[in-house]
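Take a look at the structure below.
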Amino acid sequence: MSSTTHTRPPGSGSREGEPGEEGRAELPSLAPWEEPASPAVPEPAPGQVLALVQEGRAAATEAERALVAGKLNQALDALAAGRGSREAADLLHQLLESGQLAGLEEAGGRTCRAAAIEALTKFGFPYALEVRPEDLAWLRDETGDAQVSPWAPTMAGTVLVAGIVAQWVLPSLMGEPLRGSVLPLTLLMGLMLMTLVPGVLGPERSASKRAGLLGLLVLSLVQLYLGVFGGYYGALSGVAGLLAWLLLMLPRR
């Protein structure tokens with residue numbers, strides 16, 4: 001008996017227009033809903049940030065300056081993504097107060113001064129409290145946040161502080177002792193004041209601002225519940241917190 005061996009012609013392993021086994025092995029297997037993970041940008045050292053500032057100021061052309069400004073903004077964003085530190089905050093204060101960021105703007109129109117101010121506000125407490133009022137006003141004008149009612153943050157802070165003071169003073173004036181333990185009420189009021197800071201100073205649509213507003217709402221509801229159903233004083237400060245939250249949530253003009 002003779003056996004016949006069939007040899008497949010070269011290149012006949014796949015139909016025309018279809019990749020072979022090697023080609024199929026090299027194709028990525030990402031599902032439509034999967035997104036490639038973006039590499040994390042490491043936090044830059046202060047020396048790297050200062051070097052980019054000097055490079056941008058020494059650029060010979062506007063195109064070169066815009067290119068360096070884009071790299072500097074990426075470094076400042078990476079700095080803001082960190083946990084915040086005294087060293088990083090002092091570096092940003094130095095850059096803002098010295099005016100070294102003036103004229104540095106990337107091709108997309110975002111200035112390095114805006115990136116530095118946003119980084120400071122994202123550091124949270126206590127560094128966000130150190131931002132100069134003129135820098136905050138400039139940032140609101142730059143990003144369009146000036147369309148928000150300008151009196152809302154001031155009114156929100158005034159209402160909250162007035163409600164807290166009234167919560168302690170009114171019972172004394174009426175000759176009534178505070179119901180329940182004083183410690184929980186004091187703790188809740190302190191936390192409300194802390195959440196007011198990012199709620200007022202945080203950039204619009206930022207994570208810090210949303211977290212501050214959410215914390216203010218939750219703490220106000222807790223105090224209102226304790227004041228009505230929990231046997232504590234706290235209804236006045238709870239209502240004041242809700243009013244402050246509503247003022248900060250006012251829509252744009």
Side-chain angles (χ1 to χ4, degrees), residues 41 43 73 76-93 95-97 110-165 167 184-224 234 237-253:
V41 180
E43 183 174 336
N73 282 347
L76 294 173
D77 290 340
L79 201 65
R83 298 180 179 179
S85 64
R86 182 74 269 166
E87 182 182 15
D90 289 343
L91 171 65
L92 295 175
H93 283 302
L95 294 176
L96 290 171
E97 294 173 5
R110 186 187 183 206
T111 63
C112 295
R113 181 183 179 186
I117 299 173
E118 289 173 356
L120 269 177
T121 59
K122 291 178 181 178
F123 280 172
F125 182 85
Y127 307 114
L129 294 175
E130 301 172 0
V131 184
R132 298 183 302 176
E134 56 266 31
D135 286 332
L136 284 175
W138 181 89
L139 180 62
R140 292 191 181 102
D141 292 338
E142 181 77 5
T143 59
D145 293 344
Q147 297 175 0
V148 179
S149 301
W151 51 267
T154 303
M155 286 295 297
T158 302
V159 168
L160 181 58
V161 172
I164 291 176
V165 172
Q167 187 65 83
L185 188 60
T186 305
L187 180 61
L188 289 172
M189 289 179 177
L191 291 175
M192 286 176 67
L193 292 174
M194 290 180 63
T195 57
L196 184 67
V197 174
V200 171
L201 297 181
E204 291 296 318
R205 297 178 295 277
S206 66
S208 59
K209 189 177 186 70
R210 292 172 181 172
L213 292 174
L214 178 61
L216 179 61
L217 175 62
V218 172
L219 292 169
S220 301
L221 291 175
V222 169
Q223 288 192 64
L224 187 60
S237 55
V239 170
L242 290 177
L243 290 176
W245 178 79
L246 289 173
L247 286 170
L248 294 174
M249 292 294 292
L250 284 176
R252 294 175 179 270
R253 291 179 178 177

Which atom of [X] lies closest to which atom of [Y], heavy atoms considered:
{"X": "L76", "Y": "A115", "answer": "CD1-CB, 3.8 Å"}
{"X": "P198", "Y": "G212", "answer": "CG-CA, 3.9 Å"}
{"X": "G163", "Y": "A240", "answer": "CA-CB, 3.6 Å"}
{"X": "M192", "Y": "G241", "answer": "CE-CA, 3.6 Å"}
{"X": "P153", "Y": "L248", "answer": "CA-CD2, 3.9 Å"}

**Q.** For R113, side-chain hydrogen bond (donor to acceptor under 3.5 Å, both in side chains) partners two or more places apart
**A.**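 So R113 forms a side-chain hydrogen bond (donor to acceptor under 3.5 Å, both in side chains) with D135.
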**Q.** Residues that S237 engages under side-chain hydrogen bond (donor to acceptor under 3.5 Å, both in side chains), provided they are two or more places apart
**A.**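 side-chain hydrogen bond (donor to acceptor under 3.5 Å, both in side chains) list for S237, sorted by chain: Q223.
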Atom pair [atom1]/[atom2] of [X] and [Y] - distance to nearest 0.5 Å:
{"X": "H93", "Y": "L91", "atom1": "NE2", "atom2": "CG", "value": "10.5 Å"}
{"X": "E118", "Y": "L79", "atom1": "CD", "atom2": "CG", "value": "13.0 Å"}
{"X": "N73", "Y": "T111", "atom1": "CG", "atom2": "OG1", "value": "7.0 Å"}
{"X": "L191", "Y": "S220", "atom1": "CG", "atom2": "OG", "value": "11.0 Å"}
{"X": "L216", "Y": "L221", "atom1": "CG", "atom2": "CG", "value": "9.5 Å"}
{"X": "D90", "Y": "L95", "atom1": "CG", "atom2": "CG", "value": "11.0 Å"}

Q.
Under the criterion side chain to side chain contact (heavy atoms under 4.5 Å, CB included), I'd like the reasoning laid out for L96 against W138: C-alpha separation, chi angles, the key distance, then a yes or no.
A. CA-CA 12 Å; L96 290 171; W138 181 89; over 6 Å; no
Q.
Taking side-chain contact (heavy atoms from CB on, under 4.5 Å) as the criterion, tell me which of T158, V159, I164, V165 meets it with V161.
A. V165
Q.
Evaluate L243 against M155 for side chain to side chain contact (heavy atoms under 4.5 Å, CB included), listing each step before the verdict.
A. CA-CA 9 Å; L243 290 176; M155 286 295 297; over 6 Å; no
Q. CD of E87: more than 12 outside heavy atoms within 6.0 angstrom?
A.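 At most 12 heavy atoms, drawn from other residues, nucleotides or ligands, come within 6.0 Å of this atom.
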Q | Intermediate values then yes/no, side chain to side chain contact (heavy atoms under 4.5 Å, CB included), M194 and L219 | A | CA-CA 11 Å; M194 290 180 63; L219 292 169; over 6 Å; no
Q: Report the C-alpha distance between M249 and L213 in whole Å, list the side-chain angles of each, state the deciding distance to 0.1 Å, and finish with yes or no for side chain to side chain contact (heavy atoms under 4.5 Å, CB included).
A: CA-CA 8 Å; M249 292 294 292; L213 292 174; 3.7 Å; yes
Q: Only counting residues at least two apart or in another chain, list the ones meeting salt bridge (charged side-chain N to carboxylate O under 4.0 Å, His left out) with E134.
A: R132
